[in-house]
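These notes are about the structure you will find just below.
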Number of protein chains: 4
Amino acid sequence: MPKSSDSDHKKTTVSAPERREELLAIAAQVFAAQGYNATTVRKIADAAGMLAGSLYYHFDSKESMLDEILSGFLDELWARYDAVLGAGLGPRETLEALVTESFREIDRHLDAVAIYQKESKHLGTQPHFAYLVESQQKFEKAWLGTLERGVAAKVFRPDLDVRLTYRFVRDTVWVAASWYRPGGRHSPEEIARQYLSMVLEGIALHDS
Amino acid sequence: MPKSSDSDHKKTTVSAPERREELLAIAAQVFAAQGYNATTVRKIADAAGMLAGSLYYHFDSKESMLDEILSGFLDELWARYDAVLGAGLGPRETLEALVTESFREIDRHLDAVAIYQKESKHLGTQPHFAYLVESQQKFEKAWLGTLERGVAAKVFRPDLDVRLTYRFVRDTVWVAASWYRPGGRHSPEEIARQYLSMVLEGIALHDS
Amino acid sequence: MPKSSDSDHKKTTVSAPERREELLAIAAQVFAAQGYNATTVRKIADAAGMLAGSLYYHFDSKESMLDEILSGFLDELWARYDAVLGAGLGPRETLEALVTESFREIDRHLDAVAIYQKESKHLGTQPHFAYLVESQQKFEKAWLGTLERGVAAKVFRPDLDVRLTYRFVRDTVWVAASWYRPGGRHSPEEIARQYLSMVLEGIALHDS
Amino acid sequence: MPKSSDSDHKKTTVSAPERREELLAIAAQVFAAQGYNATTVRKIADAAGMLAGSLYYHFDSKESMLDEILSGFLDELWARYDAVLGAGLGPRETLEALVTESFREIDRHLDAVAIYQKESKHLGTQPHFAYLVESQQKFEKAWLGTLERGVAAKVFRPDLDVRLTYRFVRDTVWVAASWYRPGGRHSPEEIARQYLSMVLEGIALHDS
DNA sequence: GATGAATGAGGCTTCATTCAT
DNA sequence: GATGAATGAAGCCTCATTCAT
C-alpha cells in the first residue's frame, strides 16, 4: 500500500486538492500517451499551461506524480475488488464481477491503467514501487483462487491449466486499456459481457 | 515494408553480419528488459563488452538498432503468416495456424515481440516507422477476415462482435510475450493449444 | 585500458590518472576561490577548457570531485602526521614538527586546505563525508595529547587551558591557508618558525 | 561605511523594526549554520514560521538581509574599536583591549561573525560589499599600527615579523567564532585572557 | 574494430523573486 | 502582514553521438 501520512517532507505537498487532481489527470494523460520515460516534465507543464518549474510547487518530482497516479488507481481498484471478493459469490459470478469491475476501472482511470500496463513491470524493481509487486501478488491470488474454486466446483473445465488461463484472462482484460476509449461505442459493461461470453463459452459454434 | 538496402548511409556500416546479429540480439534483450527510451547506448555496450562509441562502427544510431530489430521480426512474421494465409485453409484451421505461428514467433523472437508490444504504438507516429502501422493494418485485415469468414461459414458464433473479438484474441496472443520464457514448462505449441481451447470452447464446463 | 575490477559501476571513473589529477587541481582551485556551493560545474569546465558535461566522463559528480580532493589531502596529511607521531619525539619537538608539517601541507595542497577549512564543518553532517569528522577527532587527539604530554613534562606552562590552547593553535595554523601564497616571501618552514616562536615564547619582550 | 538610508528602494520596506531584527537574527543563524549560498530563502522562512514569499514584505532580497547583518555587525564593532583606539592606551593595553572587545563581539554577534569569516572574502569582490574591504583595511591598520608601536616601544619583541604576527593574531581571534558557544564554560573575557596570555607570554615554560 | 575523450542538446530540479488576493 | 501560485533563470547531470588515434 502506498505512502500514508508523510510528516516532515521538504515540500509539504498540500496545495489545493482540486488543482493537484487536475494536474495529475493531465500528467496521467501525457504519461499514458507517450510513456513515462519519454514524457518530459515540460510536456506536462505545457499541457497544464504552466512552466516546468511550476509543477514543483505541487509535486516533489516527476516520479512522485507517477507514484500518486498509480497508487490512487490501485487503491480504488482494490476497494472494488475487495467488495467483490467479500461478497460470498460463486466462482463464476466472482469471475464475472471481477471482469466487469476491471473494465469499469479502465473506463474510469484509463490513463492510470495504461500507465500501469506499460510501466509496472520495470517499476516493480524499484523499492519505492514495491507496492506494485504486492498488488500484483494479491491480484494473482484473487484470480487464481477464483479459477481453482471454479474447477473444484465443476463450474469450469477440469482440464484447464489454471495458471495459463489466469494469465490469458488477466492480460486480455487489462490490455484493453490500449484501445478502449471512454464514451465510445461500447460501455464497459457491454465489453465485459462480450468478453465473458468469449472466455466462458468460447467463440466456436457448437451444434448442440 | 521497412528499409531495404543501405544506400545512402554515411557510414557504410558493413561489419561481419554475424557480429551485427549478435549485437542486435544483445540490444533487443536490453530494450525488452528496460524499454527503448530507458535503455542507454552505454547499457547495450556494457552488455556487449565494449564502449558506447564502438557501437557506432556497427550501427548508425540507437534508433537504427531498434529499426533493424523490429523490421527483422516483422519480416519473418509475415513470411509465416503469408504462408498460412495462402494455404487455402478453412477459417478455424487458419485461426489455429495463425495463433500457433504467433506463439512460435514469440518463442523465437521474444525480445523483439516484447519491444514491439511496448513501443510500436508511439513509434507508429514517426514517419520512419510507418511500416509498423502498415503491418498492423495487414494484421488486422488477416485476423478480422478470418473471423468474418468463420462467422459466415457458421464455424464461429453468429453473435460475435467481430472487432471486439479480434482485439481480445490479438492482445491475448501477443501479451504472452510479457511472461513467456523460452525453454520453460510449456512449448509454444502447447500454449497455443491451451489458448485455442479456451478461445474456441470457453472455460465453462457444460453438462451436455 | 577500460574498466577493470568494478563490475557494475555506472561510470568506472578510471581514465588517465594524469588528466584526472589535472582536472582535480583545477577544480580545487575554483572551489577554494569561490566556495564549493558557489562553484558551478560550468566554471570548472571553463577553467579546464571543456564543456560542463565533459567533466562527467572523468568524475561521477561535482561532489565526487570535492570528495577526491579532500580525501587525497587528508591521506597525505596523515601519512606525514603519523610519521611525526611515531618518531618518539618529546612534546615540544612533536609540536614543532606537527606545525611545520602543517605549513608544508598548506604549501603543497593550498587549495585543498582552504576548501577543508571552509567546507568541512557543514560537510561533516553528511554521511558520505563522515571521514572528515573522524579525521578531525584523530587530529584533536594528536594535538591535545601532545600538549598534555608537554604540560606533564613541564615543557609547557602548567596553567594552560589545554583545550583552549589546542583550538587556538589548530586554527592559527590552518587559517593561514586563507592568506598563504606558495612561492611568496616566506617558505613554509620560515612561517612555521615564526609561528612557533610566537606560540612558544610569546610576543612580549621580557627584560631578563 | 555601509549603506545609509533606503532612498530609492522600490519597496519602502518599513515594517516594525523589532520584527526586522527578529527576522535578521533568524536569517543570521541559518546563514551561519549552512553558509550563505547554501541557505535558501525558504529555510529562513521556515525557521521564521512563514512562507518564503512573505520575507519580501520585510526585505528587498536575500542579499539585502546579508548586507544588513554584516553592516550592522561592523558598525557596532567599529564603535567599540574606535573607542579603544581613541583612548590613548599603550600598545600592550591597546592589544589587550582590542582582543577583549573582539571576543565580546563574538559573544554578542556570533552568527554575524561566523558569516563574516566565511563569506567576506568572496563578497569583497562585489561592489555592493566594498565596505567589507574598507573595513578590513581599517582593521589591518589598527592592528598593525598597534604591533609596530609596541615593537618601537620595546614592549613587543624586536624580531617579530609584524605582518605575519598580525595575521596570526587576527585569524586566531576571529576563527574562534567557529567553536565558541555563548553561555558556555568560558566567558569572552576569560577566553581573551587565556588567549592574550598565550600570545604575549608563549606556552613554553621558562625556568627563570 | 575498438578506445578515450569530448560535444551539445536536453532533462529534472531548485530557487530567488513577484504578485494578486 | 502573509499566502498561494507561478515565473524564469540557472544548476547538475545524462546521453546519443562524433572523431582522432
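Residue numbers begin at 1 in each chain, while the letters A, B, ... track the order of the sequences. Keep in mind that what you see is a predicted model, and the values were worked out from it rather than measured. Side-chain atoms are counted along with the backbone in the values below, which use heavy atoms only and exclude waters and symmetry mates.
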Among the nucleotides F:dT3, F:dC15, F:dC12, whichever has the atom closest to the side chain of D:Leu51 is F:dT3
Which part of the nucleic acid, if any, lies within reach of A:Ser64 when heavy atoms closer than 4.0 Å are counted: base, sugar-phosphate only, or nothing?
-> nothing
Closest-nucleotide ordering on DNA chain E, the 5'-leading residue of A:Gly53 and C:Met50 = C:Met50
Please walk me through it: do A:Tyr116 and A:Asp111 pass side chain to side chain donor-acceptor pair (under 3.5 Å)?
-> CA-CA 8 Å; A:Tyr116 181 82; A:Asp111 293 328; over 6 Å; no
Verify the contact: side-chain N or O of B:Tyr57 to OP1 or OP2 of E:dA2, cut-off strictly under 4.0 Å; return yes or no.
-> no
Can you tell me how far OH of B:Tyr56 sits from CG of B:Leu51, rounded to the nearest 0.5 angstrom?
-> 13.0 Å
Under 6.0 Å from the six-membered ring centre of A:Phe31 and within 45° of its axis: does the NZ or CZ of A:Lys118 meet both?
-> no
Where each residue is assigned the nucleotide of DNA chain E containing its nearest heavy atom, which of A:Thr40 and C:Leu23 is assigned the position nearer the 5′ end?
-> C:Leu23
Using atom CZ of C:Arg42 as one end and atom P of F:dC12 as the other, report the distance to the nearest whole Å.
-> 11 Å
Base-pairing mate for F:dT21 - Watson-Crick or G-U, with both contacts under 3.5 Å = E:dA2
Answer yes or no: does a side-chain N or O of A:Tyr56 lie under 4.0 Å from OP1 or OP2 of E:dT13?
-> yes
Distance test, side-chain N/O of C:His58 to OP1/OP2 of E:dA6, below 4.0 Å = yes
Rounding to a whole Å, what distance do you find between C:Asn37:CG and F:dA10:C1'?
-> 14 Å
Within a strict 4.5 Å, meaning less than it, do heavy atoms of the A:Met65 and A:His58 side chains meet?
-> no
What is the distance, rounded to the nearest whole Å, between atom CD1 of A:Ile44 and atom C1' of E:dT13?
-> 13 Å
Atom pair distance, as rounded to whole Å: CG in D:Leu55 and P in E:dC15 | 15 Å
Per D:Ser61 side chain, nearest of listed nucleotides F:dA5, F:dC13, E:dT17 | E:dT17
Looking at C:Ser54, does any N or O in its side chain come under 4.0 Å of the phosphate oxygens OP1/OP2 on E:dT7?
-> yes
If you find the nucleotide of DNA chain F closest to C:Val41 and the one closest to A:Ala52, which residue's nucleotide is nearer the 5' end?
-> A:Ala52
Between atom CG in A:Asp67 and atom P in E:dC12, what is the gap in whole Å?
-> 17 Å
Whole angstrom value for the distance that separates P of F:dG11 from CG of C:Asp46 = 11 Å
Provide, to the nearest angstrom, the distance between the NZ atom belonging to C:Lys43 and the P atom belonging to F:dA10.
-> 12 Å
Audit row: A:Asp67, A:Tyr131, side chain to side chain donor-acceptor pair (under 3.5 Å) steps and yes/no = CA-CA 10 Å; A:Asp67 187 23; A:Tyr131 67 88; 2.5 Å; yes
Take the protein atom CZ of B:Arg20 and the nucleotide atom P of E:dG1, then report the distance between them rounded to whole Å.
-> 12 Å
Is any side-chain nitrogen or oxygen of D:Arg19 closer than 4.0 Å to OP1 or OP2 of F:dA2?
-> yes
